[in-house]
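When reading the values below, keep in mind they use all heavy atoms of this one structure, side chains included, and skip hydrogens, waters and symmetry mates. Since we're looking at a predicted model, the values are computed, not measured.
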Amino acid sequence: MESSGGNTEPSGRGPRVLVVGGGIAGLGAAQRLCGHPTFRHLRVLEATARAGGRIRSERSFGGVVEVGAHWIHGPSQGNPVFQLAAKYGLLGDKELSEENQLIETGGHLNLPSVSYASSGVSVSLELVAEMGSLFYSLIDQTREFLHAAQAPAPSVGEYLKMEVSQHMASWTEDEETKKLKLAILNNFFNVECCVSGTHSMDLVALAPFGEYTVLPGLDCTFPGGYQGLTDRIAASLPQDVMVFNKPVKTLHWNGSFQEAGSPGETFPVLVECEDGGCFPAHHVVLTVPLGFLKERLDTFFEPPLPAKKAEAIRKIGFGTNNKIFLEFKEPFWEPDCQIIQVVWEDASPLEDSAPTLQDAWLRKLIGFLVLPSFEPAHVLCGFIAGLESEFMETLSDDEVLQSLTHVLRRVTGNPQLPAPKSMLRSRWHSAPYTRGSYSYVAVGSTGDDIDLLAQPLPVDREKAQLQILFAGEATHRTFYSTTHGALLSGWREADRLITLWDPQAQPPGPRL
């Protein structure tokens, strides 16, 4: 049996801890534990060749692009990712300014700088602003049913559609304009699908929607790439703590496992890796994405998880949001343009669009973000969520590039528009150890399911001590889907272990 190294010391020299997953939750937990003298036997097992998980910055087009996490959401004093990024000197003056930290966005994105319709005409930005303000006022309303005796609809989508139908009754424009207004609203629905990481807002539960907490601050990016943050955390860990290319196959728990190097000592957990290596441990901090857990639920835990926890894993939502980066030789957009919206004129949030994915996947594309210029490259970043996004992953680069070139020529009304020079895209659904982007509270689940997922095992700790602890964005009740939720969850589980072994310890830093 392969040992986890360093186990020749006599027992009683502190517990053996394995962190499974080297994303920001796992790295955060490891860094916190390494800061405490009790936790000398620590390993982080990462399935891939790199740390960072869903934080992934790539050098491309002569600059850095974010294949994964893009923004710090709510960069202000209550956000540990912001605090850590500031401490490591990874942000610019503007991002750090007091003024930026105080801005309340309500979690809403900026309105587009230009809006193109599928027939090749520009859409009036006044009309877009009017629909944007209607949509975001309705989204704000959806957050108000958390403590209501009964929510007016099961899902956010159904509630929004009910409200839109009522508002339509008072619209006085001609039929064409009314249709265009609905098409613009449909775009905002699709934007919200990207934000929530879901295929449809009809899948997102209405009552718990308000539990997600939006922090103040103007969302900001990392000038040198988000991965600078996870790289710094990884670099702060003692040598040999990180083990790469070590996918875990099964977590055996509630056992008494032995190891040749530690005669007489038994371990309650044994982590079995895909390559046959086995690591006995006292505690495992499991930080894998919910998409991976959903896929491996029946084979990953031995014995299987308690029914309630397995049910929570099945019920919480986990969807896909992908990016497609296009590089152009010359920009076809104005110098001050930041967001390009694409409106499909015959679309309406009140009607199901049922054409085949083959033809229709592009209709889920919400438009493009203009990335800050890295000379001489000009790069647009398109966003697309849901099943269409997953279908896009199955196409070749050429097919995606051709389709997008066609769409851009169509919407700009310029059939001569030069094709992009190059393309890069994310494929989060196909990534075997991720299987999607991030979690949401789906219809049929509540915040209680998130808490259930976060509960350590075994449940009855009168009889046995902590064995498997759960962290990751999907385990944070109010900050799910975010990097700060993930980081806090890693700290939470590290603190749980520190308190177990050293009840007098004062865990460092914020306990948000």
Side-chain angles (χ1 to χ4, degrees), residues 71 73-74 99-100 102-118 121-146 151-153 155-196 198 200-202 204 206 209-210 212-220 321 333-334 336-351 363-370 383 385 411:
W71 291 276
H73 292 296
E99 181 191 354
N100 270 25
L102 297 173
I103 294 172
E104 293 277 0
T105 63
H108 304 157
L109 299 179
N110 289 341
L111 289 172
S113 324
V114 61
S115 178
Y116 292 120
S118 47
V121 296
S122 286
V123 181
S124 139
L125 287 179
E126 283 74 30
L127 206 54
V128 173
E130 187 193 329
M131 289 303 98
S133 118
L134 168 61
F135 183 81
Y136 286 125
S137 71
L138 297 180
I139 280 285
D140 289 343
Q141 285 175 35
T142 61
R143 300 195 175 278
E144 285 164 18
F145 301 110
L146 189 55
S155 72
V156 172
E158 286 159 278
Y159 176 78
L160 291 172
K161 288 188 272 193
M162 276 168 22
E163 292 292 313
V164 167
S165 300
Q166 286 182 353
H167 278 270
M168 271 176 71
S170 61
W171 292 353
T172 53
E173 300 91 345
D174 56 89
E175 285 308 306
E176 274 306 291
T177 310
K178 286 181 184 174
K179 272 194 73 172
L180 184 56
K181 282 174 129 179
L182 284 172
I184 296 167
L185 281 171
N186 196 66
N187 176 278
F188 282 110
F189 271 72
N190 287 340
V191 167
E192 204 58 34
C193 287
C194 290
V195 171
S196 285
T198 184
S200 161
M201 294 311 290
D202 292 359
V204 181
L206 178 59
F209 194 60
Y212 175 86
T213 304
V214 177
L215 295 170
L218 188 62
D219 288 1
C220 71
N321 177 23
W333 53 91
E334 297 297 317
D336 56 352
C337 178
Q338 291 182 322
I339 298 173
I340 298 169
Q341 180 184 53
V342 175
V343 174
W344 297 90
E345 279 148 304
D346 54 346
S348 160
L350 307 178
E351 291 159 31
R363 295 166 57 99
K364 197 69 164 282
L365 182 80
I366 60 172
F368 298 90
L369 192 63
V370 179
F383 288 82
V411 302

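- Of the N and O atoms on the side chains of Gln338 and Ser113, not one donor lies less than 3.5 Å from an acceptor on the other residue.
- At a threshold of 4.5 Å between non-hydrogen side-chain atoms, the residues Trp344 and Val342 count as touching.
- In this model, a donor atom of one side chain and an acceptor atom of the other lie less than 3.5 Å apart for Asp174 and Thr177.
- Across every non-hydrogen atom of Phe209 and Ser196, the tightest pair is CE1-OG, 4.2 Å.
- Under the side chain to side chain donor-acceptor pair (under 3.5 Å) criterion, Asp219 pairs with His73, sequence neighbours left out.
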Query raised in the report: Given Ser118 and Val343, is the side chain to side chain contact (heavy atoms under 4.5 Å, CB included) satisfied, shown in steps?
Result: CA-CA 6 Å; Ser118 47; Val343 174; over 6 Å; no
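- Interatomic distance, Glu345 CD to Leu180 CG, rounded to the nearest 0.5 Å: 6.5 Å.
- Residues Glu99 and Leu218 have side chains not in contact (no heavy-atom distance under 4.5 Å, counting atoms from C-beta outward).
- Residue Leu182 comes nearest to Ser348 through the heavy atom pair CD1-OG, 4.0 Å, listed as atom of the first residue, atom of the second, then distance.
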Side-chain polar contacts of residues 156-165 - donor-acceptor pairs under 3.5 angstrom, sequence neighbours left out - could you list them?
residue, atom, partner, partner atom, Å
Glu158, OE1, Ser155, OG, 2.6
Tyr159, OH, Gln141, OE1, 2.7
Lys161, NZ, Asp202, OD1, 3.3
Lys161, NZ, Asp202, OD2, 2.8
Ser165, OG, Lys161, O, 2.9

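- Side-chain contact between Leu102 and Pro216 is absent, with no heavy atoms from C-beta onward closer than 4.5 Å.
- At least one side-chain heavy atom of Ile339 sits under 4.5 Å from a side-chain heavy atom of Asn110.
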Query raised in the report: Val114 and Glu334: side chain to side chain contact (heavy atoms under 4.5 Å, CB included), yes or no, with the steps?
Result: CA-CA 9 Å; Val114 61; Glu334 297 297 317; over 6 Å; no
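- Side-chain contact between Phe383 and Phe368: absent, with no pair of heavy atoms (C-beta onward) separated by less than 4.5 Å.
- Using a 4.5 Å heavy-atom threshold, the side chains of Phe135 and Ile184 count as separate.
- Looking at Glu176 and Lys179, no side-chain N of the basic residue comes within less than 4.0 Å of a carboxylate O on the acidic one, giving no salt bridge.
- Residue pairs meeting the side-chain hydrogen bond (donor to acceptor under 3.5 Å, both in side chains) criterion with at least one member in residues 181-191, sequence neighbours excluded: Glu130-Lys181, Glu173-Lys181, Asn187-Gln341.
- Between Gly106 and Val214, the shortest heavy-atom distance links the atoms C-CG1, 3.8 Å.
- Two residues are said to be in side-chain contact when any heavy atoms from C-beta on lie closer than 4.5 Å; Pro152 and Leu206 meet this criterion.
- In terms of modelled atom types and a separation under 3.5 Å, the side chain of Ser122 and the main chain of Tyr116 share no donor-acceptor contact.
- Distance check: Lys364 NZ to Asn321 CG gives 10.0 Å after rounding to the nearest 0.5 Å.
- Looking at Asp346 and Arg363, their side chains come closer than 4.5 Å, going by heavy atoms from C-beta outward.
- Closest approach of Phe189 to Met201, counting heavy atoms only: O-CG, 4.1 Å.
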